[in-house]
Amino acid sequence: MFIPILIISLITSINAASIVSHSRSYPLPRAGVLGPKSSITIGNSLIAPDGFERSATLVDGTFPGPLISAQKGDKFSLQVINNLTDPSMFLSTSVHWHGLYQNGTNYADGVSFVTQCPITQNQSFTHTFSVPNQAGTYWYHSHYSVQYCDGLRGPLVIYDPHDPLAHMYDVDDASTVITLADWYHVVAPVLRFIIGANANTSLINGLGRYPGGPASELAVISVQHGKRYRMRLIAMSCDPNFTFSIDGHNLTVIEADGEETQPLVVDQLTILAGQRYSVVLTANQPVGNYWVRSLPDLVTATFDGGQNSAILRYNGAPVAEPTTSAPAVAQNPLEEWNLHTLINPGAPGIPGYGNADINLYLVAANVNGSFQVNGTSFVPPSVPVLLQILSGAQDATQLLPSGSVIVLEANKVVELTLTTTGPGGPHPIHLHGHTFDVVQSAGNSTFNYLNPVRRDVVSAGGPTPNQQMVIRWVTDNSGPWFLHCHIDWHLDAGFAVVMVESPSDTLAHINPIPPAWDQLCPTFDALSVDQLGGGGLLAYQEAQNMTNILFPYTPAPQ
């Protein structure tokens with residue numbers, strides 16, 4: 001978290017245009033399940049997931065958005081329709097399918113100003129791609145400025161009919177997908193100007209409570225005594241990480257970020273923004289109600305009054321809130337370096353630190369709330385990096401934004417070391433287009449090239465200083481791939497670089513490019529400032545009404 005920490009009650013007490021009455025409390029509509037060939041509509045609706053009503057940016061009117069469910073090997077055709085109307089939030093959009101490699105379909109990765117221009121109001125774009133070799137727990141979210149903090153996020157699961165760990169569980173369906181999210185009572189275009197804005201609420205499956213708020217509905221996860229459940233945990237957070245546990249139950253980790261792991265029994269785990277874990281829960285305790293706990297790393301966070309909580313309810317238990325308690329100290333918490341990939345373990349290349357084909361060293365620094373990577377703060381270019389490459393730019397010196405693009409040769413083993421300085425950690429680092437082997441986890445002094453965990457979001461360390469994380473991957477996916485902190489406020493403040501793999505091969509690798517992709521930039525570039533939404537200077541003035549700990553005014557990316 002940023003320092004200093006703002007008292008969120010200050011934010012909620014401001015009478016600003018983006019804040020609506022919180023006198024009503026009602027359950028959130030439950031999202032449905034979509035297949036791999038579907039349309040999703042991005043629009044604005046009033047919701048009250050914690051009893052506080054506000055306008056939000058939603059997929060098909062729900063938070064979280066509907067589960068997109070597929071089978072391993074399916075081809076996807078996902079049409080994103082922009083029906084946004086609320087000018088207090090951003091009116092253009094893009095959707096990223098987090099964790100999917102997009103090998104050969106870089107243009108479908110959904111990253112504004114890296115792989116495409118945003119989708120404007122009353123327009124649509126269809127993301128068509130194949131996922132031949134991936135199965136596991138993923139999610140989707142906006143990748144335009146801080147838009148996903150206003151609600152555009154949802155789960156995506158690819159099921160494997162030949163899962164080698166299927167013998168470990170009995171139930172794995174939509175009811176066992178568990179989303180963990182932060183929620184804000186002020187719209188994100190206002191909060192993006194505030195250094196250190198904290199969430200009001202943590203939501204589990206779209207429901208939660210906030211300090212001083214009503215005893216609104218909590219999510220209920222139903223289980224039958226004796227059965228084993230594959231719980232798919234997805235951290236859809238814009239900022240905090242969550243410490244997750246279920247009173248009275250151990251959890252067996254079997255997947256990290258779409259990669260199955262050797263089973264590991266824990267009683268608590270920390271999950272960072274963007275990360276996913278599958279855990280097996282055996283419903284072997286007395287029939288009753290048990291607290292599900294998801295504590296954000298905010299200094300004021302508690303479980304008082306059902307905050308940061310949901311309910312695990314056995315069939316036959318009374319409809320009542322739990323009275324269970326958690327141990328003061330976890331006996332067996334998850335440590336990332338104890339996880340080992342199940343299938344094809346081992347980091348690529350010659351073992352040993354510095355023995356890769358390409359050895360990169362990045363330092364991310366917090367400078368007065370903004371972030372720099374190797375001295376440069378990422379500023380979205382006016383022309384997407386992919387379009388620059390397709391127009392003939394090949395070298396890092398030719399590609400914008402200057403200082404934020406790293407060009408990598410094809411089919412090389414890359415070893416990346418990343419350290420962070422200053423407040424704001426731990427930083428969850430996500431690489432698009434790949435999973436990577438974590439040969440050194442932040443906070444651990446040892447290296448593991450033999451059987452490290454393989455994933456796509458990893459902690460870069462912090463708030464403890466002098467930590468580093470070291471990862472390896474192979475450059476076998478030509479195109480520009482974003483590497484960034486998945487705390488959305490930090491990405492917006494410059495914590496990102498673009499890894500461009502073999503740009504001379506990109507055109508051949510991703511052909512054919514759909515004609516509709518070519519039309520995204522001319523349509524977006526023709527927008528006026530008012531058509532971008534996000535409140536403009538009004539949003540900055542609202543932020544000034546809340547605090548003087550502000551970034552300088554910068555307009556929305558355009």
Side-chain angles (χ1 to χ4, degrees), residues 96-106 108-115 129 131 133-134 136-141 143 235 256-259 272-276 336 339 341 347-349 356-364 371 373-374 378 385-386 396 404-420 426-442 452-461 468-488 490-491 494-503 506:
H96 168 57
W97 319 98
H98 180 118
L100 302 185
Y101 297 153
Q102 300 292 353
N103 199 315
T105 50
N106 178 269
D109 197 38
V111 186
S112 295
F113 312 110
V114 176
T115 64
F129 54 90
V131 187
N133 301 312
Q134 290 185 268
T137 309
Y138 307 94
W139 63 302
Y140 60 92
H141 59 85
H143 227 305
D257 298 356
E259 296 281 351
L272 278 67
Q275 290 185 330
R276 294 89 63 210
E336 183 181 66
L339 286 174
T341 296
D357 299 320
I358 301 171
N359 298 281
L360 301 175
Y361 191 87
L362 302 180
V363 178
F371 286 89
V373 179
N374 284 8
F378 181 85
V385 180
L386 177 57
S404 294
V405 177
I406 298 172
V407 175
L408 304 171
E409 294 182 61
N411 300 311
K412 300 293 185 182
V413 175
V414 178
E415 183 168 273
L416 169 65
T417 301
L418 193 149
T419 64
T420 63
H427 299 282
I429 305 302
H430 175 45
L431 174 64
H432 292 221
H434 294 275
T435 50
F436 45 72
D437 286 271
V438 184
V439 298
Q440 185 183 32
S441 296
V453 67
R454 187 176 298 133
R455 62 186 323 160
D456 61 50
V457 180
V458 64
S459 171
Q468 67 177 23
M469 64 92 179
V470 183
I471 61 176
R472 277 195 180 186
W473 76 94
V474 176
T475 56
D476 56 3
N477 193 0
S478 180
W481 302 107
F482 222 12
L483 177 87
H484 63 90
C485 179
H486 221 293
I487 294 174
D488 222 28
H490 296 185
L491 170 56
F495 196 155
V497 294
V498 181
M499 299 288 179
V500 175
E501 296 184 17
S502 55
T506 300

- request: List the atom of Ala256, the atom of Leu339, and the distance in Å for their closest heavy-atom pair.
  value: CB-CD1, 4.5 Å
- request: Could you tell me whether a side-chain N or O of Asp109 sits under 3.5 Å from a main-chain N or O of Thr115, the two making a donor and an acceptor?
  value: no
message: Donor-acceptor check, side chain of Thr475 to backbone of Asn411, threshold 3.5 angstrom: yes or no?
response: yes
- prompt: Between the side chain of Thr417 and the main-chain N/O of Tyr361, is any donor-acceptor distance below 3.5 Å?
  reply: no
query: Under a 4.5 Å cut-off applied to non-hydrogen side-chain atoms, are Glu259 and Asp456 in contact?
result: no
task: Verify the ring-centre separation between His484 and Phe378: is it less than 6.0 angstrom?
output: no
field: Closest non-hydrogen atom pair, Phe436 against Ile429
entry: CZ-O, 4.1 Å
- request: Please confirm whether the backbone N or O of Arg276 pairs with a side-chain atom of Asp257, one donor and one acceptor, at under 3.5 Å?
  value: yes
query: Which heavy-atom pair separates Thr420 from Gly461 by the least distance, and what is that distance?
result: OG1-O, 3.9 Å
task: Taking Asn374 for its side chain and Val363 for its backbone only, find out whether a donor-acceptor pair lies under 3.5 Å.
output: yes
- request: Please check if the side chain of Glu409 supplies one atom and the backbone of Ile358 the other of a donor-acceptor pair under 3.5 Å.
  value: no
query: Considering only heavy atoms from C-beta outward, does the side chain of Thr506 approach that of Ser478 to under 4.5 Å?
result: yes
- prompt: Do Asp357 and Arg472 sit within salt-bridge range, that is, some charged N less than 4.0 Å from a carboxylate O?
  reply: no
field: Candidate pair Leu360 and Met499, rule side chain to side chain contact (heavy atoms under 4.5 Å, CB included), full reasoning
entry: CA-CA 11 Å; Leu360 301 175; Met499 299 288 179; 4.0 Å; yes
- request: Mind listing the closest non-hydrogen atom pair of Ala273 and Pro428 along with its distance?
  value: O-CB, 3.5 Å
- prompt: Which atoms form the tightest heavy-atom contact between Pro348 and Val474, and what is the distance?
  reply: CB-CG2, 3.7 Å
field: Check: Trp481 and Val111 side chains under 4.5 Å, non-hydrogen atoms
entry: no
- prompt: Does some side-chain heavy atom of Phe482 sit less than 4.5 Å from a side-chain heavy atom of Val498?
  reply: yes
- request: Decide if the gap between the ring center of His486 and the ring center of Trp139 is smaller than 6.0 angstrom.
  value: yes
Residues Leu431, Leu416; criterion side chain to side chain contact (heavy atoms under 4.5 Å, CB included); working and verdict: CA-CA 11 Å; Leu431 174 64; Leu416 169 65; over 6 Å; no
- prompt: Side chains of Val457 and His98: closer than 4.5 Å at any heavy-atom pair?
  reply: yes
message: Just so I know, are the side chains of Asn106 and Pro480 near enough to count as touching, which here means a heavy-atom distance under 4.5 Å?
response: yes
- prompt: Got Thr341 and Pro452 here, is their nearest side-chain heavy-atom distance under 4.5 Å?
  reply: no
Heavy-atom side-chain proximity of Val458 to Glu336 below 4.5 angstrom: yes
- prompt: So Val500 and Leu408, side chain to side chain contact (heavy atoms under 4.5 Å, CB included) or not? Walk me through it.
  reply: CA-CA 6 Å; Val500 175; Leu408 304 171; over 6 Å; no
- request: Apply side chain to side chain contact (heavy atoms under 4.5 Å, CB included) to Leu362 and Leu483, showing your working.
  value: CA-CA 11 Å; Leu362 302 180; Leu483 177 87; 4.0 Å; yes
field: Which atom of Tyr101 lies closest to which atom of His434, heavy atoms considered
entry: CE2-C, 3.7 Å
task: Would you please indicate if the ring centroids of Phe371 and His427 are separated by under 6.0 Å?
output: yes
query: Using the ring of each side chain (for Trp, its six-membered ring), is Phe495 parallel, tilted or perpendicular to His490, with breaks at 30° and 60°?
result: parallel
- prompt: How would you list all residue pairs meeting salt bridge (charged side-chain N to carboxylate O under 4.0 Å, His left out) that involve residues 432-442, not counting sequence neighbours?
  reply: Asp437-Arg454
